[in-house]
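Structure first, commentary second.
Computed over heavy atoms, backbone and side chain alike; hydrogens, waters and symmetry mates excluded. Chain A is the first sequence line, chain B the second, and so forth, proteins listed ahead of strands; every chain is numbered from 1. Just so you know, these numbers come straight off a predicted model, no measurement behind them.
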Number of protein chains: 2
Amino acid sequence: MTSVLVVDDEPQIVRALRINLSARGYDVMTAYDGKSALGVAVEGKPDVVVLDLGLPDIDGVDVIAGLRGWSTIPIIVLSARTDSSAKVEALDAGADDYVTKPFGMDELLARLRAAVRRNLAREAGDPVVETSSFVVDLAVKKVRRDGHEVHLTPTEWGLVEILARNPGRLVSQKQLLQEVWGPMHVNESQYLRVYFAQLRRKLEDDPAHPRHLITEPGMGYRFEM
Amino acid sequence: MTSVLVVDDEPQIVRALRINLSARGYDVMTAYDGKSALGVAVEGKPDVVVLDLGLPDIDGVDVIAGLRGWSTIPIIVLSARTDSSAKVEALDAGADDYVTKPFGMDELLARLRAAVRRNLAREAGDPVVETSSFVVDLAVKKVRRDGHEVHLTPTEWGLVEILARNPGRLVSQKQLLQEVWGPMHVNESQYLRVYFAQLRRKLEDDPAHPRHLITEPGMGYRFEM
DNA sequence: CCCCGGCCTCAAGAACGCGTAAAAGCCGGG
DNA sequence: CCCGGCTTTTACGCGTTCTTGAGGCCGGGG
(Lines give C-alpha, C1' and ligand atoms only; values in the text may rest on other atoms or scores of the structure.)
Protein backbone atom coordinates (compact mmCIF):
# COMPACT_ATOMS: atom_id res chain seq x y z
CA MET A 1 0.00 0.00 0.00
CA THR A 2 1.19 3.50 -0.81
CA SER A 3 1.86 5.64 2.26
CA VAL A 4 1.52 9.41 2.43
CA LEU A 5 2.79 11.83 5.04
CA VAL A 6 0.61 14.93 5.36
CA VAL A 7 2.20 17.93 7.07
CA ASP A 8 0.01 20.96 7.82
CA ASP A 9 -0.77 23.05 10.85
CA GLU A 10 -4.43 23.54 9.93
CA PRO A 11 -6.37 20.63 11.47
CA GLN A 12 -9.27 20.86 9.06
CA ILE A 13 -6.98 20.42 6.09
CA VAL A 14 -5.23 17.46 7.66
CA ARG A 15 -8.61 15.94 8.44
CA ALA A 16 -9.94 16.45 4.93
CA LEU A 17 -6.84 14.89 3.43
CA ARG A 18 -6.86 11.97 5.82
CA ILE A 19 -10.45 11.15 4.93
CA ASN A 20 -9.99 11.46 1.19
CA LEU A 21 -6.68 9.64 1.02
CA SER A 22 -7.75 6.80 3.28
CA ALA A 23 -10.89 6.31 1.23
CA ARG A 24 -8.69 5.81 -1.82
CA GLY A 25 -6.53 3.21 -0.19
CA TYR A 26 -3.57 5.27 0.91
CA ASP A 27 -1.93 4.72 4.26
CA VAL A 28 -1.94 8.17 5.88
CA MET A 29 0.50 9.60 8.43
CA THR A 30 0.22 13.14 9.74
CA ALA A 31 2.27 15.87 11.39
CA TYR A 32 1.42 19.42 12.45
CA ASP A 33 4.85 21.01 12.46
CA GLY A 34 8.23 20.64 10.81
CA LYS A 35 10.05 18.99 13.63
CA SER A 36 7.63 16.14 14.11
CA ALA A 37 7.31 15.84 10.32
CA LEU A 38 10.99 15.02 10.05
CA GLY A 39 10.66 12.50 12.87
CA VAL A 40 7.65 10.78 11.36
CA ALA A 41 9.31 10.68 7.95
CA VAL A 42 12.37 8.92 9.34
CA GLU A 43 10.26 6.43 11.27
CA GLY A 44 7.58 5.71 8.70
CA LYS A 45 9.44 5.99 5.37
CA PRO A 46 6.42 7.34 3.48
CA ASP A 47 6.26 6.97 -0.30
CA VAL A 48 5.35 10.64 -0.75
CA VAL A 49 5.10 13.78 1.40
CA VAL A 50 2.48 16.53 1.17
CA LEU A 51 3.98 19.56 2.87
CA ASP A 52 2.46 22.91 3.78
CA LEU A 53 5.02 25.67 3.54
CA GLY A 54 3.57 27.80 6.36
CA LEU A 55 4.46 25.76 9.39
CA PRO A 56 4.66 27.25 12.90
CA ASP A 57 8.16 26.15 13.84
CA ILE A 58 10.49 25.55 10.89
CA ASP A 59 10.57 27.23 7.50
CA GLY A 60 9.18 24.89 4.87
CA VAL A 61 12.33 25.12 2.79
CA ASP A 62 14.35 23.81 5.71
CA VAL A 63 11.99 20.90 6.11
CA ILE A 64 12.58 20.04 2.46
CA ALA A 65 16.33 20.26 2.99
CA GLY A 66 16.02 18.03 6.03
CA LEU A 67 14.23 15.38 4.02
CA ARG A 68 16.51 15.67 1.02
CA GLY A 69 19.52 15.09 3.21
CA TRP A 70 18.85 11.39 3.28
CA SER A 71 16.08 10.55 0.84
CA THR A 72 14.56 11.20 -2.55
CA ILE A 73 10.94 10.78 -1.45
CA PRO A 74 8.80 12.97 -3.70
CA ILE A 75 7.56 16.12 -1.99
CA ILE A 76 4.42 18.00 -3.01
CA VAL A 77 4.26 21.49 -1.56
CA LEU A 78 1.07 23.22 -0.48
CA SER A 79 1.13 26.97 -0.27
CA ALA A 80 -1.06 30.01 -0.10
CA ARG A 81 -1.62 31.90 -3.30
CA THR A 82 0.47 34.89 -2.27
CA ASP A 83 3.92 33.61 -1.37
CA SER A 84 5.14 32.84 -4.84
CA SER A 85 8.82 33.43 -4.16
CA ALA A 86 8.62 30.88 -1.38
CA LYS A 87 7.29 28.38 -3.88
CA VAL A 88 10.20 28.91 -6.22
CA GLU A 89 12.62 28.52 -3.33
CA ALA A 90 10.89 25.31 -2.38
CA LEU A 91 11.31 23.92 -5.89
CA ASP A 92 14.94 24.90 -5.93
CA ALA A 93 15.40 23.19 -2.58
CA GLY A 94 14.19 19.95 -4.10
CA ALA A 95 10.41 19.88 -3.99
CA ASP A 96 8.81 17.95 -6.84
CA ASP A 97 5.58 19.81 -7.39
CA TYR A 98 3.33 22.38 -5.80
CA VAL A 99 -0.38 22.99 -5.33
CA THR A 100 -1.86 26.36 -4.49
CA LYS A 101 -4.35 26.72 -1.66
CA PRO A 102 -7.24 26.55 -1.85
CA PHE A 103 -6.94 23.41 -3.92
CA GLY A 104 -9.32 20.90 -5.41
CA MET A 105 -9.01 17.42 -4.03
CA ASP A 106 -8.98 15.96 -7.54
CA GLU A 107 -5.98 18.04 -8.50
CA LEU A 108 -4.04 17.05 -5.44
CA LEU A 109 -4.81 13.39 -5.97
CA ALA A 110 -3.70 13.58 -9.58
CA ARG A 111 -0.41 15.17 -8.64
CA LEU A 112 0.08 12.63 -5.91
CA ARG A 113 -0.41 9.73 -8.29
CA ALA A 114 1.94 11.37 -10.77
CA ALA A 115 4.64 11.88 -8.16
CA VAL A 116 4.50 8.26 -7.01
CA ARG A 117 4.47 6.90 -10.54
CA ARG A 118 7.39 9.13 -11.51
CA ASN A 119 9.43 7.97 -8.56
CA LEU A 120 8.96 4.32 -9.48
CA ALA A 121 9.88 5.03 -13.09
CA ARG A 122 13.00 6.91 -12.06
CA GLU A 123 14.28 4.08 -9.92
CA ALA A 124 14.04 1.79 -12.93
CA GLY A 125 16.27 4.23 -14.84
CA ASP A 126 14.84 4.12 -18.34
CA PRO A 127 16.93 6.22 -20.75
CA VAL A 128 14.10 6.80 -23.26
CA VAL A 129 11.27 9.25 -22.65
CA GLU A 130 8.29 9.10 -24.95
CA THR A 131 5.36 11.44 -25.55
CA SER A 132 2.47 11.29 -27.96
CA SER A 133 4.32 13.42 -30.49
CA PHE A 134 8.04 12.83 -30.00
CA VAL A 135 10.66 10.56 -28.39
CA VAL A 136 13.74 11.63 -26.42
CA ASP A 137 16.57 9.09 -26.29
CA LEU A 138 18.89 10.18 -23.51
CA ALA A 139 21.49 7.48 -24.09
CA VAL A 140 22.35 8.46 -27.66
CA LYS A 141 21.20 12.10 -27.44
CA LYS A 142 18.62 12.05 -30.17
CA VAL A 143 15.07 13.27 -30.57
CA ARG A 144 12.72 11.68 -33.06
CA ARG A 145 9.32 12.80 -34.31
CA ASP A 146 7.25 10.63 -36.64
CA GLY A 147 10.15 8.20 -36.76
CA HIS A 148 12.16 11.01 -38.28
CA GLU A 149 15.06 12.70 -36.48
CA VAL A 150 14.85 16.30 -35.21
CA HIS A 151 18.09 18.23 -34.97
CA LEU A 152 18.64 20.14 -31.72
CA THR A 153 21.38 22.68 -31.02
CA PRO A 154 23.51 22.17 -27.90
CA THR A 155 21.53 24.69 -25.89
CA GLU A 156 18.22 23.21 -26.97
CA TRP A 157 19.42 19.75 -26.07
CA GLY A 158 20.58 20.95 -22.65
CA LEU A 159 17.07 22.11 -21.84
CA VAL A 160 15.35 19.03 -23.20
CA GLU A 161 17.71 16.74 -21.33
CA ILE A 162 17.06 18.32 -17.95
CA LEU A 163 13.32 18.27 -18.46
CA ALA A 164 13.29 14.75 -19.82
CA ARG A 165 15.22 13.53 -16.80
CA ASN A 166 12.49 15.00 -14.59
CA PRO A 167 9.32 14.13 -16.49
CA GLY A 168 6.19 15.65 -15.03
CA ARG A 169 8.14 17.54 -12.45
CA LEU A 170 8.16 21.31 -12.31
CA VAL A 171 11.71 22.56 -12.86
CA SER A 172 12.46 26.13 -11.76
CA GLN A 173 13.78 28.77 -14.13
CA LYS A 174 16.80 29.16 -11.90
CA GLN A 175 17.73 25.53 -12.15
CA LEU A 176 17.41 25.49 -15.92
CA LEU A 177 19.46 28.66 -16.35
CA GLN A 178 22.08 27.48 -13.93
CA GLU A 179 22.61 24.12 -15.55
CA VAL A 180 22.54 25.26 -19.15
CA TRP A 181 24.03 28.74 -19.10
CA GLY A 182 25.95 28.55 -15.83
CA PRO A 183 25.68 30.39 -12.53
CA MET A 184 26.35 33.79 -14.11
CA HIS A 185 23.08 33.83 -16.04
CA VAL A 186 20.45 32.73 -13.51
CA ASN A 187 18.41 35.87 -14.16
CA GLU A 188 18.28 35.79 -17.96
CA SER A 189 14.79 34.35 -18.07
CA GLN A 190 14.36 35.79 -21.55
CA TYR A 191 16.73 33.11 -22.83
CA LEU A 192 14.24 30.51 -21.66
CA ARG A 193 11.37 32.15 -23.49
CA VAL A 194 13.30 32.31 -26.74
CA TYR A 195 14.48 28.74 -26.51
CA PHE A 196 11.20 27.27 -25.41
CA ALA A 197 9.54 28.97 -28.36
CA GLN A 198 12.14 27.34 -30.59
CA LEU A 199 11.70 23.93 -29.02
CA ARG A 200 7.95 24.11 -29.34
CA ARG A 201 8.26 24.93 -33.02
CA LYS A 202 10.42 21.87 -33.45
CA LEU A 203 8.61 19.42 -31.21
CA GLU A 204 5.00 20.36 -30.56
CA ASP A 205 2.18 19.59 -32.97
CA ASP A 206 0.64 22.98 -32.25
CA PRO A 207 3.40 25.28 -30.99
CA ALA A 208 0.93 27.95 -29.90
CA HIS A 209 -0.81 25.45 -27.58
CA PRO A 210 1.94 23.23 -26.23
CA ARG A 211 0.96 19.93 -24.67
CA HIS A 212 4.37 18.74 -23.48
CA LEU A 213 6.63 21.71 -22.88
CA ILE A 214 4.50 23.58 -20.40
CA THR A 215 5.14 27.01 -18.88
CA GLU A 216 4.20 27.54 -15.27
CA PRO A 217 4.19 31.35 -15.11
CA GLY A 218 6.54 32.76 -12.52
CA MET A 219 7.79 29.32 -11.53
CA GLY A 220 9.42 27.34 -14.25
CA TYR A 221 8.71 24.71 -16.88
CA ARG A 222 7.31 21.22 -16.90
CA PHE A 223 7.72 18.31 -19.29
CA GLU A 224 4.42 16.45 -19.65
CA MET A 225 4.58 13.02 -21.22
CA MET B 1 31.16 -13.10 -6.07
CA THR B 2 31.02 -9.52 -7.28
CA SER B 3 33.23 -7.16 -5.30
CA VAL B 4 32.54 -3.46 -4.77
CA LEU B 5 34.87 -0.72 -3.54
CA VAL B 6 33.01 2.07 -1.71
CA VAL B 7 34.88 5.37 -1.36
CA ASP B 8 33.32 8.12 0.77
CA ASP B 9 34.44 10.25 3.67
CA GLU B 10 31.04 10.18 5.39
CA PRO B 11 31.05 7.14 7.69
CA GLN B 12 27.27 6.83 7.81
CA ILE B 13 27.08 6.52 4.05
CA VAL B 14 29.83 3.94 3.95
CA ARG B 15 28.07 2.01 6.67
CA ALA B 16 24.69 2.13 4.96
CA LEU B 17 26.22 0.92 1.72
CA ARG B 18 28.19 -1.83 3.39
CA ILE B 19 25.08 -3.20 5.05
CA ASN B 20 22.91 -3.06 1.97
CA LEU B 21 25.52 -4.43 -0.41
CA SER B 22 26.62 -7.24 1.87
CA ALA B 23 23.01 -8.27 2.36
CA ARG B 24 22.73 -8.66 -1.41
CA GLY B 25 25.76 -10.85 -1.70
CA TYR B 26 28.39 -8.33 -2.74
CA ASP B 27 31.90 -8.48 -1.35
CA VAL B 28 32.47 -4.95 0.03
CA MET B 29 35.74 -3.03 0.39
CA THR B 30 35.87 0.52 1.71
CA ALA B 31 38.10 3.60 1.73
CA TYR B 32 37.66 7.06 3.23
CA ASP B 33 39.96 9.12 1.04
CA GLY B 34 41.37 9.14 -2.47
CA LYS B 35 44.84 7.94 -1.64
CA SER B 36 43.80 4.81 0.19
CA ALA B 37 41.09 4.24 -2.42
CA LEU B 38 43.72 3.93 -5.11
CA GLY B 39 45.71 1.58 -2.91
CA VAL B 40 42.78 -0.65 -2.12
CA ALA B 41 41.74 -0.72 -5.76
CA VAL B 42 45.18 -1.92 -6.82
CA GLU B 43 45.26 -4.55 -4.08
CA GLY B 44 41.72 -5.83 -4.27
CA LYS B 45 40.85 -5.48 -7.99
CA PRO B 46 37.15 -4.74 -7.33
CA ASP B 47 34.59 -5.37 -10.06
CA VAL B 48 33.10 -1.91 -9.64
CA VAL B 49 33.88 1.29 -7.71
CA VAL B 50 31.39 3.64 -6.01
CA LEU B 51 33.17 6.97 -5.60
CA ASP B 52 32.15 10.13 -3.79
CA LEU B 53 33.49 13.22 -5.54
CA GLY B 54 33.99 15.29 -2.39
CA LEU B 55 36.95 13.57 -0.81
CA PRO B 56 39.18 15.26 1.76
CA ASP B 57 42.56 14.74 0.09
CA ILE B 58 42.38 14.31 -3.70
CA ASP B 59 39.92 15.80 -6.17
CA GLY B 60 37.48 13.14 -7.30
CA VAL B 61 38.35 13.68 -10.95
CA ASP B 62 41.97 12.88 -10.21
CA VAL B 63 40.95 9.68 -8.46
CA ILE B 64 39.05 8.67 -11.58
CA ALA B 65 42.10 9.46 -13.69
CA GLY B 66 44.25 7.42 -11.31
CA LEU B 67 42.02 4.40 -11.74
CA ARG B 68 41.63 4.81 -15.47
CA GLY B 69 45.40 4.87 -15.76
CA TRP B 70 45.55 1.12 -15.42
CA SER B 71 42.06 -0.29 -15.50
CA THR B 72 38.62 -0.15 -17.05
CA ILE B 73 36.74 -1.01 -13.85
CA PRO B 74 33.34 0.67 -14.01
CA ILE B 75 33.12 3.73 -11.76
CA ILE B 76 29.86 5.09 -10.36
CA VAL B 77 30.19 8.63 -9.04
CA LEU B 78 28.27 10.04 -6.09
CA SER B 79 27.92 13.79 -5.76
CA ALA B 80 25.91 16.58 -4.23
CA ARG B 81 22.90 17.97 -6.04
CA THR B 82 24.27 21.34 -7.07
CA ASP B 83 27.53 20.90 -8.96
CA SER B 84 26.46 19.99 -12.45
CA SER B 85 29.75 20.97 -14.05
CA ALA B 86 31.57 18.56 -11.76
CA LYS B 87 29.31 15.88 -13.14
CA VAL B 88 30.37 16.57 -16.69
CA GLU B 89 34.01 16.59 -15.71
CA ALA B 90 33.66 13.30 -13.93
CA LEU B 91 31.99 11.63 -16.88
CA ASP B 92 34.57 13.06 -19.24
CA ALA B 93 37.33 11.82 -16.97
CA GLY B 94 36.00 8.32 -17.47
CA ALA B 95 33.28 7.70 -14.91
CA ASP B 96 30.58 5.32 -16.11
CA ASP B 97 27.54 6.60 -14.31
CA TYR B 98 26.45 9.26 -11.94
CA VAL B 99 24.12 9.34 -8.92
CA THR B 100 23.19 12.53 -7.08
CA LYS B 101 23.07 12.70 -3.32
CA PRO B 102 20.78 12.11 -1.71
CA PHE B 103 20.10 8.87 -3.50
CA GLY B 104 17.67 6.02 -3.04
CA MET B 105 19.32 2.71 -2.30
CA ASP B 106 17.25 0.99 -4.97
CA GLU B 107 18.49 3.38 -7.60
CA LEU B 108 22.11 2.86 -6.67
CA LEU B 109 21.71 -0.90 -6.72
CA ALA B 110 20.10 -0.76 -10.14
CA ARG B 111 22.92 1.34 -11.54
CA LEU B 112 25.47 -0.95 -9.96
CA ARG B 113 23.96 -4.01 -11.58
CA ALA B 114 23.81 -2.17 -14.89
CA ALA B 115 27.46 -1.12 -14.67
CA VAL B 116 28.64 -4.66 -13.93
CA ARG B 117 26.47 -6.10 -16.68
CA ARG B 118 27.76 -3.57 -19.22
CA ASN B 119 31.32 -4.35 -18.29
CA LEU B 120 30.83 -8.07 -18.82
CA ALA B 121 29.12 -7.45 -22.13
CA ARG B 122 31.90 -5.18 -23.25
CA GLU B 123 34.62 -7.66 -22.39
CA ALA B 124 32.83 -10.33 -24.36
CA GLY B 125 31.80 -7.78 -26.98
CA ASP B 126 31.37 -8.24 -30.69
CA PRO B 127 34.67 -7.23 -32.31
CA VAL B 128 33.31 -6.31 -35.77
CA VAL B 129 31.22 -3.27 -36.68
CA GLU B 130 29.84 -3.05 -40.18
CA THR B 131 28.36 -0.20 -42.22
CA SER B 132 27.09 0.01 -45.77
CA SER B 133 30.44 1.26 -47.04
CA PHE B 134 33.14 -0.15 -44.74
CA VAL B 135 33.90 -2.69 -42.00
CA VAL B 136 35.74 -2.05 -38.72
CA ASP B 137 37.39 -5.09 -37.15
CA LEU B 138 38.13 -4.16 -33.56
CA ALA B 139 39.92 -7.40 -32.73
CA VAL B 140 42.67 -7.07 -35.35
CA LYS B 141 42.51 -3.24 -35.65
CA LYS B 142 41.80 -3.13 -39.34
CA VAL B 143 39.34 -1.39 -41.62
CA ARG B 144 38.22 -2.79 -44.96
CA ARG B 145 36.37 -1.14 -47.81
CA ASP B 146 35.22 -3.09 -50.88
CA GLY B 147 37.02 -6.14 -49.52
CA HIS B 148 40.21 -4.15 -49.71
CA GLU B 149 42.11 -2.85 -46.69
CA VAL B 150 42.32 0.85 -45.79
CA HIS B 151 45.40 1.97 -43.93
CA LEU B 152 44.78 4.15 -40.87
CA THR B 153 47.39 6.02 -38.85
CA PRO B 154 47.44 5.41 -35.08
CA THR B 155 45.56 8.62 -34.33
CA GLU B 156 42.93 7.89 -36.96
CA TRP B 157 42.45 4.41 -35.56
CA GLY B 158 42.07 5.77 -32.04
CA LEU B 159 39.13 7.87 -33.14
CA VAL B 160 37.50 5.13 -35.19
CA GLU B 161 37.85 2.64 -32.37
CA ILE B 162 36.14 4.83 -29.78
CA LEU B 163 33.28 5.62 -32.12
CA ALA B 164 32.88 2.04 -33.27
CA ARG B 165 32.64 0.87 -29.67
CA ASN B 166 29.75 3.27 -29.16
CA PRO B 167 27.73 2.90 -32.35
CA GLY B 168 24.88 5.37 -32.67
CA ARG B 169 25.92 7.11 -29.47
CA LEU B 170 26.95 10.72 -29.37
CA VAL B 171 30.54 10.91 -28.10
CA SER B 172 31.63 14.30 -26.75
CA GLN B 173 34.59 16.17 -28.19
CA LYS B 174 36.16 16.17 -24.77
CA GLN B 175 35.98 12.43 -24.45
CA LEU B 176 37.55 11.87 -27.86
CA LEU B 177 40.37 14.33 -27.21
CA GLN B 178 40.97 12.94 -23.77
CA GLU B 179 41.18 9.34 -24.89
CA VAL B 180 43.24 9.92 -28.00
CA TRP B 181 45.46 12.88 -27.16
CA GLY B 182 45.34 12.76 -23.35
CA PRO B 183 44.02 15.11 -20.69
CA MET B 184 46.32 17.97 -21.70
CA HIS B 185 44.61 18.48 -25.06
CA VAL B 186 40.92 18.45 -24.24
CA ASN B 187 40.43 21.86 -25.84
CA GLU B 188 42.16 21.24 -29.17
CA SER B 189 38.94 20.68 -31.05
CA GLN B 190 40.69 21.67 -34.28
CA TYR B 191 42.49 18.32 -34.19
CA LEU B 192 39.13 16.62 -34.46
CA ARG B 193 38.13 18.64 -37.51
CA VAL B 194 41.37 17.83 -39.28
CA TYR B 195 41.22 14.14 -38.49
CA PHE B 196 37.56 13.70 -39.24
CA ALA B 197 38.11 15.30 -42.62
CA GLN B 198 40.91 12.78 -43.21
CA LEU B 199 38.83 9.82 -42.07
CA ARG B 200 35.94 10.85 -44.27
CA ARG B 201 38.21 11.04 -47.29
CA LYS B 202 39.35 7.52 -46.54
CA LEU B 203 36.07 5.92 -45.53
CA GLU B 204 33.03 7.78 -46.79
CA ASP B 205 31.65 7.38 -50.30
CA ASP B 206 30.99 11.11 -50.46
CA PRO B 207 33.32 12.83 -47.98
CA ALA B 208 31.51 16.14 -48.31
CA HIS B 209 28.23 14.51 -47.21
CA PRO B 210 29.20 11.90 -44.65
CA ARG B 211 26.69 9.20 -43.76
CA HIS B 212 28.56 7.40 -41.00
CA LEU B 213 30.98 9.79 -39.34
CA ILE B 214 28.54 12.46 -38.28
CA THR B 215 29.33 15.81 -36.67
CA GLU B 216 26.95 17.13 -34.05
CA PRO B 217 27.97 20.79 -33.94
CA GLY B 218 29.01 21.99 -30.52
CA MET B 219 28.55 18.57 -28.95
CA GLY B 220 30.60 15.83 -30.49
CA TYR B 221 30.61 13.08 -33.10
CA ARG B 222 28.50 10.04 -33.81
CA PHE B 223 29.12 6.78 -35.66
CA GLU B 224 26.05 5.79 -37.64
CA MET B 225 25.94 2.23 -38.95
C1' DC C 1 -10.03 51.65 -15.92
C1' DC C 2 -5.07 51.66 -16.53
C1' DC C 3 -0.59 49.97 -15.23
C1' DC C 4 2.69 46.48 -14.75
C1' DG C 5 4.96 42.11 -14.84
C1' DG C 6 5.58 38.14 -17.16
C1' DC C 7 5.24 35.79 -21.44
C1' DC C 8 5.52 35.01 -26.65
C1' DT C 9 7.29 36.33 -31.20
C1' DC C 10 10.30 38.22 -34.49
C1' DA C 11 14.42 39.79 -36.45
C1' DA C 12 19.30 41.17 -37.03
C1' DG C 13 24.17 41.40 -35.87
C1' DA C 14 27.77 39.16 -33.41
C1' DA C 15 30.06 35.19 -32.16
C1' DC C 16 31.10 30.66 -32.77
C1' DG C 17 32.11 26.19 -34.74
C1' DC C 18 32.90 23.60 -38.88
C1' DG C 19 35.35 22.03 -43.21
C1' DT C 20 39.21 22.50 -46.03
C1' DA C 21 43.71 23.25 -47.64
C1' DA C 22 48.31 23.80 -47.09
C1' DA C 23 52.50 24.71 -44.66
C1' DA C 24 55.50 23.63 -40.97
C1' DG C 25 57.37 20.49 -37.51
C1' DC C 26 58.70 15.97 -35.93
C1' DC C 27 60.76 11.47 -36.13
C1' DG C 28 62.60 7.15 -37.52
C1' DG C 29 64.58 4.35 -41.32
C1' DG C 30 67.46 3.96 -45.06
C1' DC D 1 71.88 13.30 -44.02
C1' DC D 2 67.76 13.01 -46.61
C1' DC D 3 63.22 11.25 -47.20
C1' DG D 4 58.51 9.92 -46.27
C1' DG D 5 54.83 9.44 -43.23
C1' DC D 6 52.42 11.39 -39.51
C1' DT D 7 51.05 15.11 -36.56
C1' DT D 8 50.46 19.85 -35.36
C1' DT D 9 49.61 24.52 -36.62
C1' DT D 10 47.79 28.37 -39.28
C1' DA D 11 44.50 30.65 -42.18
C1' DC D 12 40.10 31.62 -44.26
C1' DG D 13 35.23 31.25 -46.00
C1' DC D 14 30.86 29.84 -44.68
C1' DG D 15 26.74 28.49 -42.37
C1' DT D 16 24.65 28.04 -37.93
C1' DT D 17 23.73 29.40 -33.37
C1' DC D 18 23.49 32.66 -29.69
C1' DT D 19 22.39 36.96 -27.92
C1' DT D 20 19.89 41.05 -27.66
C1' DG D 21 16.36 44.41 -28.34
C1' DA D 22 11.72 45.80 -29.62
C1' DG D 23 6.80 45.11 -29.93
C1' DG D 24 2.47 42.86 -28.71
C1' DC D 25 -0.50 40.06 -25.75
C1' DC D 26 -2.66 38.66 -21.48
C1' DG D 27 -4.17 38.71 -16.63
C1' DG D 28 -4.06 40.53 -11.93
C1' DG D 29 -3.78 44.42 -8.73
C1' DG D 30 -4.37 49.09 -7.68
Between A:Y98 and A:S79, a side-chain donor and acceptor under 3.5 Å: no
Is the phosphate of D:dG5 approached by B:T153 (side-chain N or O, under 4.0 Å from OP1 or OP2)? no
For a quick check of understanding: with a heavy-atom distance under 4.0 Å over all strands, which category does A:H185 fall into, base, sugar-phosphate or nothing? nothing
So how far off straight is the helix from C:dC1-D:dG30 to C:dG30-D:dC1, going by the axes through five pairs at either end, to 10°? 30°
Under 3.5 Å, is there a donor on one side chain and an acceptor on the other for A:T215 and A:R200? yes
Tell me what A:F196 touches on the nucleic acid: a base, only sugar-phosphate, or nothing, going by heavy atoms under 4.0 Å. nothing
Is it true that B:Q198 and B:R201 share a donor-acceptor pair across their side chains at a distance under 3.5 Å? no
Distance only, no hydrogens: is a donor on one side chain within 3.5 Å (strictly under) of an acceptor on the other, for A:D47 and A:T2? no
Atom CZ of A:R193 and atom P of D:dC18 are separated, to the nearest Å, by 18 Å
If the threshold is 4.0 Å, N to carboxylate O, is there a salt bridge linking A:K87 and A:E216? no
In whole angstroms, how far is the P atom of D:dG4 from the NE2 atom of B:H151? 16 Å
Is the shortest distance from a Lys or Arg side-chain nitrogen in B:E224 or A:K142 to a carboxylate oxygen in the other one below 4.0 Å? yes
Should B:K101 and B:D52 count as an ion pair when the cut-off is N to O under 4.0 Å? yes
Quick one: do A:R68 and A:D96 make a salt bridge, cutoff under 4.0 Å? yes
Would you say a side-chain N or O of B:W181 is under 4.0 Å from OP1 or OP2 of D:dT8? yes
How many whole angstroms separate atom CG of A:N187 from atom C1' of D:dT20? 16 Å
What's B:Q173 touching, base or sugar-phosphate or nothing? Going by heavy atoms closer than 4.0 Å. sugar-phosphate
Could you tell me from which nucleotide to which nucleotide of DNA chain C, 5' to 3', there is an atom under 4.0 Å from chain B heavy atoms? C:dG17 to C:dA21
Nearest whole Å is fine: how far is D:dG5 P from B:L152 CG? 16 Å
Which atom pairs link the protein and nucleotides 21-23 of chain D when you take only N or O atoms and keep those under 3.5 Å?
residue : atom : partner : partner atom : Å
D:dG21  : O6   : A:Q190  : NE2          : 3.4

Atom CG of B:L177 and atom C1' of D:dT7: how far apart are they, to the nearest Å? 14 Å
So, are B:R111 and B:D97 salt-bridged, with charged N and O less than 4.0 Å apart? yes
Looking at D:dT7, I'd like to know if its phosphate oxygens (OP1 or OP2) sit under 4.0 Å from a side-chain N or O belonging to B:T155. yes
Taking OP1 and OP2 of D:dT20, is either one under 4.0 Å from a side-chain nitrogen or oxygen of A:Y191? yes
Taking NE2 from A:H209 and P from D:dC25, how many angstroms apart are they, rounded to a whole number? 15 Å
So, for A:L53 and A:V61, which heavy atoms are closest and what is the spacing to 0.1 Å? CD2-N, 4.4 Å
Which of A:I13, A:V14, A:N20 passes side-chain contact (heavy atoms from CB on, under 4.5 Å) with A:L17? Answer is A:I13
Measure from CH2 on A:W157 to P on D:dC18 and round the result to the nearest Å. 15 Å
Using 30° and 60° as the class boundaries, would you call the ring planes of B:H212 and B:F134 parallel, tilted or perpendicular? perpendicular
